[in-house]
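Pasting a structure below so you can have a look.
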Amino acid sequence: MTVKELAETLDLKPLAEPDTEREAKGCYAGDLLSWVMGRASADEVWVTIMTNLNIVAVATLADVSCVIVAEEAEIAADVVAKALEKGVNLYTSPLSTYALCAKLSTLV
Amino acid sequence: MLAACFTKTDCPEVVCSMADFVRLEYDIDGENFTSAGEASVKVKRSLRQMGFDPETIRKVSVSMYEGEINMVIHADGGKATVDIYDDRIVIVLADRGPGIPDIDLAMQAGYSTAPDNIRSLGFGAGMGLPNMAKYTDEMKIESEVGVGTTVTMVVKV
């Protein structure tokens, strides 16, 4: 499904939506950025609780379809601005990483 | 074909455009951890413009990003040179940092000397050098303690 459809289905809160027609395929969950860089595949949905600016570079380089920050961890305005600039779809959700992944397993 | 047609007009980081390769150069700012990765993102964009396949682009950008982060964490920045040929991409990361006393140990997955403030940002898991080796076809580390480190990586197209 597309990132837009996924966001609606999971009731995600959009922070940056530069490319929502992109197809989301599979999911990767993790917070160690090097680990994510090495293991996440292109087009996957990345679920994390990390909120620093580096998540935008990691999302860009790993080429994930979107980033979902779990547990509504607070995200600074400069991170949102950078996500828009780099074309990274960025969302938050009140759900935990586990709960999000459980739902994602039947969707993407 | 594509690489040699790429000039400074297409991309300001182009320092020379020869018959068979294009060179991109970047200064890596060691002061600013939050901007680390800018050079890798620019290289990714240039490779995409040149028409390289997504898997090659991913290998180059992931391995270069890991190297960039290492230079910022450990060496107060340095210089990145990327030579793009039709059949391979050669990335050279050179710094004047403290050097690596034991390269075999540094290459072990999970081994890290990153400080706690870097770990709290989600780095320092000891996966940088192993990822660089995993994503490249050739990797060479030349390091002298107190002098600096040069990492050369080759990704075949």
Side-chain angles (χ1 to χ4, degrees), chain A residues 16 18-19 22-26 28-44 46-65 67-71 73-90 92 97, chain B residues 28-29 32-48 52-70 72-74 91 106-112 114 117-136:
Chain A
D19 185 14
R22 199 173 159 172
E23 200 70 18
K25 289 179 191 160
Y28 190 88
D31 306 315
L32 284 172
L33 301 186
S34 273
W35 204 273
V36 175
M37 289 273 290
R39 308 293 169 107
S41 303
D43 301 326
E44 283 183 336
W46 174 27
V47 183
T48 185
I49 51 159
M50 293 306 279
T51 57
N52 64 71
L53 197 52
N54 304 98
I55 64 171
V56 178
V58 170
T60 306
L61 295 166
D63 205 18
V64 295
S65 55
V67 182
I68 306 176
V69 175
E71 319 233 17
E74 201 172 322
I75 299 170
D78 59 341
V79 177
V80 174
K82 188 64 108 179
L84 281 170
E85 181 194 327
K86 299 294 179 192
V88 172
N89 297 310
L90 180 62
T92 59
T97 297
Chain B
I28 310 298
D29 181 4
N32 191 350
F33 192 78
T34 52
S35 72
E38 289 286 328
S40 309
V41 171
K42 284 177 182 166
V43 168
K44 179 178 182 174
R45 193 187 56 213
S46 295
L47 293 176
R48 194 181 272 163
F52 283 94
D53 68 283
E55 193 51 34
T56 300
I57 294 172
R58 182 177 153 83
K59 284 179 182 173
V60 170
S61 49
V62 167
S63 48
M64 186 171 160
Y65 180 69
E66 293 284 11
E68 235 190 299
I69 292 290
N70 278 348
V72 175
I73 295 174
H74 300 289
I91 307 152
M107 284 299 297
Q108 282 181 20
Y111 178 80
S112 175
N117 66 322
I118 296 298
R119 291 174 197 256
S120 71
L121 291 171
F123 293 103
M127 293 305 294
L129 289 172
N131 272 351
M132 288 155 73
K134 176 182 165 189
Y135 276 101
T136 53

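Predicted model only: the values in this text are computed from it and were never measured. Here is how names work: the chains are called A, B, and so on, in the same order as the sequence lines, proteins then strands, and each is numbered from 1.
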Residue from B:G37, B:S61, B:G124 scoring the most non-hydrogen pairs under 4.5 Å with chain A is B:S61

Would you mind telling me which of B:V62, B:V60, B:I69 has the largest number of heavy-atom pairs within less than 4.5 Å of chain A? B:V62

Using a 3.5 Å distance criterion without hydrogens, assess whether the side chain of A:K86 forms a donor-acceptor pair with backbone atoms of B:V41. no

Is it true that, when you exclude A:I49 itself, more than 12 heavy atoms of the residues, nucleotides or ligands shown sit nearer than 6.0 Å to its CD1?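 Result for CD1/A:I49: open.
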
Has the side chain of B:R58 got a donor or acceptor atom that lies under 3.5 Å from a matching backbone atom of A:A62?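 Yes.
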
When A:T51, A:L53, A:V56 are compared by non-hydrogen pairs under 4.5 Å with chain B, the top option: A:L53

Is chain B contacted by the side chain of A:M50, its backbone, both, or neither, given a heavy-atom distance below 4.5 Å?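 Side chain only.
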
Under the side chain to side chain contact (heavy atoms under 4.5 Å, CB included) rule, what do B:K44 and A:D63 come out as? Steps first, then yes or no, please. CA-CA 10 Å; B:K44 179 178 182 174; A:D63 205 18; 3.9 Å; yes

Just jot down the side-chain hydrogen bond (donor to acceptor under 3.5 Å, both in side chains) partners of A:D43, sequence neighbours excluded, or say none.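 Listed in chain order: A:R22.
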
With sequence neighbours left out, which residue pairs that include part of residues 28-38 of chain A fulfil the side chain to side chain donor-acceptor pair (under 3.5 Å) condition?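 Residue pairs with at least one partner in residues 28-38 of chain A: A:Y28-A:W35, A:D31-A:T48, A:S34-B:E66.
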
Taking all non-hydrogen atoms of both residues, which atom of B:L121 and which atom of A:N52 are closest, and how far apart? O-ND2, 3.0 Å

Under 4.5 Å, heavy atom to heavy atom: which of residues 125-133 of chain B reach chain A? Give them by number, or say none.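 The residues closer than 4.5 Å to chain A, in numerical order, are B:A125, B:M127, B:G128, B:N131.
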
Identify, with sequence neighbours excluded, every residue that meets side-chain hydrogen bond (donor to acceptor under 3.5 Å, both in side chains) alongside B:T56. B:D53

Using 0.5 Å steps for rounding, measure from the CG atom of A:L61 to the CD1 atom of B:I57. 11.5 Å

Interatomic spacing from CE in A:M37 to OG in B:S63 - rounded to 0.5 Å: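 Nearest 0.5 Å value for the CE-OG distance: 8.5 Å.
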
Within the side chain of B:Y65, is there an N or O that forms a donor-acceptor pair under 3.5 Å with the backbone of A:V58?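 Not at all, since once roles are kept as given, no pair shorter than 3.5 Å links the two residues.
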
Can you name the nearest heavy-atom pair linking B:F33 to A:N54, along with the distance?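 Looking at all heavy atoms of both residues, the closest pair is O-ND2, 3.4 Å.
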
Of the backbone (N, CA, C, O) and the side chain (C-beta and beyond), which part of B:E38 lies under 4.5 Å from a heavy atom of chain A, both, or neither?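 Contact with chain A: side chain only.
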
